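Heads up, the thing below is written out as structure tokens.
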Amino acid sequence: MPVVRSKICGITRVEDALIAAEAGADAIGLVFYPASPRAVDVQQARRIVAALPPFVTTVGLFVDASRGEVEEILDAVALDRLQFHGDESPQYCGGFQRPWYKALRVRDGGGLHEEIQHYQRASAILLDTYVPGIPGGTGAVFDWSLIPRDLSKPLILAGGLDALNVQEAIARVRPYAVDVSGGVEREKGIKDAGKVRDFIARVRACM
């Protein structure tokens, strides 16, 4: 099986970022969406990014932010990639001189191929659980059988993952990467070191 990457999202503290990096996370996610309980401000984000060792990718998550808001954050924080979780257009997503990927929320009824076709310049597609009115971080698993086998983009799987189900998810879906937030938390925005280490260890055991 190809190597599966892991991303720990919703990091709000330097110590949690370092735990994720030491455990072997390939990426950490910083949420720039004020309505989220895992949101960070520019000062928090700068401290977290500065503390990380080399080769850990930093991802900034945005939800229907204005172009000016994103540009202001990019001027202040050294983000490697951007993740868009709202109704952003392909033209908007591609306008920041950073690699980016688009999150799509999966619901019954199909249509994933058509949605993905709109985002051909994305470096990957992230699939998350559809819950009305909530752009992500729901902690709910969606039906993995709804994912087509011939997606044209690398797949990042999210939605209710934790140490107990991630190996089954990898075996069934064969994603490029897995993305976890609530599944490794002690409380919203605060990671549990043991859960983070266990999650990443189980992902690595699939290699």
Side-chain angles (χ1 to χ4, degrees), residues 5-14 16-17 20-21 25-52 56-90 92-106 115 119 121-131 133-140 142 153-161 175-185 188-191 196 199:
R5 279 77 174 175
S6 58
K7 172 172 167 274
I8 308 298
C9 198
I11 295 286
T12 63
R13 307 188 304 170
V14 168
D16 292 344
D26 297 284
I28 63 111
L30 300 171
V31 177
F32 296 98
Y33 177 51
S36 170
R38 304 174 179 99
V40 293
D41 59 28
V42 166
Q43 288 72 30
Q44 284 175 285
R46 285 170 63 99
R47 287 194 295 269
I48 291 167
V49 171
L52 287 170
V56 177
T57 299
T58 55
V59 182
L61 187 156
F62 298 89
V63 182
D64 295 323
S66 72
R67 186 172 297 279
E69 288 173 316
V70 177
E71 289 174 344
E72 183 177 341
I73 289 168
L74 290 177
D75 285 341
V77 184
L79 297 173
D80 299 313
R81 280 175 165 69
L82 307 180
Q83 175 178 328
F84 296 108
H85 257 268
D87 296 318
E88 300 90 354
S89 70
Y92 170 95
C93 295
F96 299 102
Q97 286 71 57
R98 293 287 196 291
W100 57 275
Y101 48 92
K102 185 69 178 72
L104 302 175
R105 296 183 291 160
V106 180
E115 286 191 85
Y119 298 97
R121 294 186 180 274
S123 58
I125 293 293
L126 182 146
L127 296 183
D128 202 351
T129 304
Y130 176 81
V131 175
I134 303 177
T138 66
F142 65 87
K153 292 288 180 183
L155 168 62
I156 302 169
L157 182 64
L161 297 179
Y176 172 82
V178 289
D179 187 312
V180 66
S181 185
V184 293
E185 285 181 336
K188 288 186 184 297
I190 306 298
K191 303 309 183 194
V196 170
F199 183 88

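Owing to the predicted nature of the structure, the values given are computational and were not obtained by experimental measurement.
Between Lys7 and Arg81 there is no side-chain heavy-atom pair separated by less than 4.5 Å. Under the 4.5 Å side-chain criterion, counting only non-hydrogen atoms from C-beta, Asp179 is in contact with Gln83. Considering only heavy atoms from C-beta on, Val59 stays 4.5 Å or farther from Leu61 through its side chain. At least one side-chain heavy atom of Phe32 sits under 4.5 Å from a side-chain heavy atom of Val40. Residues Tyr176 and Ile125 form no side-chain contact, since every pair of their non-hydrogen atoms from C-beta on lies 4.5 Å or further apart. Counting only heavy atoms from C-beta outward, the side chains of Thr57 and Asp26 never approach each other to under 4.5 Å. Looking at heavy atoms from C-beta onward, Val77 lies out of side-chain contact with Thr58 at the 4.5 angstrom threshold. Taking 4.5 Å as the limit, some side-chain heavy atom of Asp64 sits within range of a side-chain heavy atom of Asp87.
In this structure, the side chain of Ser181 engages the main chain of Cys9 through a donor-acceptor pair within 3.5 Å. With hydrogens and angles disregarded, a donor-acceptor distance shorter than 3.5 Å links the side chain of Asp16 to the backbone of Lys191. Listed for the Gln44 side chain is a donor-acceptor partner under 3.5 Å among the backbone atoms of Asp41. Between the Lys153 side chain and the Ala122 main chain, a donor and an acceptor come within less than 3.5 Å of each other. Side-chain atoms of Ser123 do not come within 3.5 Å of backbone N or O of Pro99 as any donor-acceptor pair. Judged purely by atom type and a 3.5 angstrom limit, Arg38 has no side-chain atom pairing as donor or acceptor with the backbone of Val31.
In this structure, His85 NE2 and Leu104 CG are separated by 9.5 Å, a value rounded to the nearest 0.5 Å. Interatomic distance, CD1 of Ile48 versus CD of Gln43, reported as 11.5 Å (0.5 Å rounding). The CG atom of Leu79 lies 6.5 Å from the CG atom of Leu30; values are rounded to the nearest 0.5 Å. With rounding to the nearest 0.5 Å, the separation of SG in Cys93 from CZ in Phe62 is 11.5 Å.
Residue Pro34 comes nearest to Ala39 through the heavy atom pair CA-CB, 4.1 Å, listed as atom of the first residue, atom of the second, then distance. Residues Ala78 and Val49 come closest through the heavy atom pair O-CG1, 3.7 Å. For Asp128 against Gly159, the heavy-atom pair with the smallest separation is OD1-CA, 3.2 Å. In terms of heavy-atom proximity, Ala65 sits nearest to Val70 at CB-CG2, 3.8 Å. Considering all non-hydrogen atoms of both residues, Ala158 and Leu126 come closest at CB-CD2, 3.9 Å.
Around the CD atom of Glu71, the shell of radius 6.0 Å holds more than 12 heavy atoms that belong to other residues, nucleotides or ligands.
Relative to the six-membered ring of Phe96, Arg67 meets both conditions, a distance below 6.0 Å and an angle of at most 45° to the axis.
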side-chain contact (heavy atoms from CB on, under 4.5 Å) evaluation trace for Val106 with Thr129: CA-CA 5 Å; Val106 180; Thr129 304; over 6 Å; no
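Using the six-membered ring where Trp is involved, Tyr119 and Trp100 have ring planes that are perpendicular, over 60° apart on the 30 and 60° scheme.
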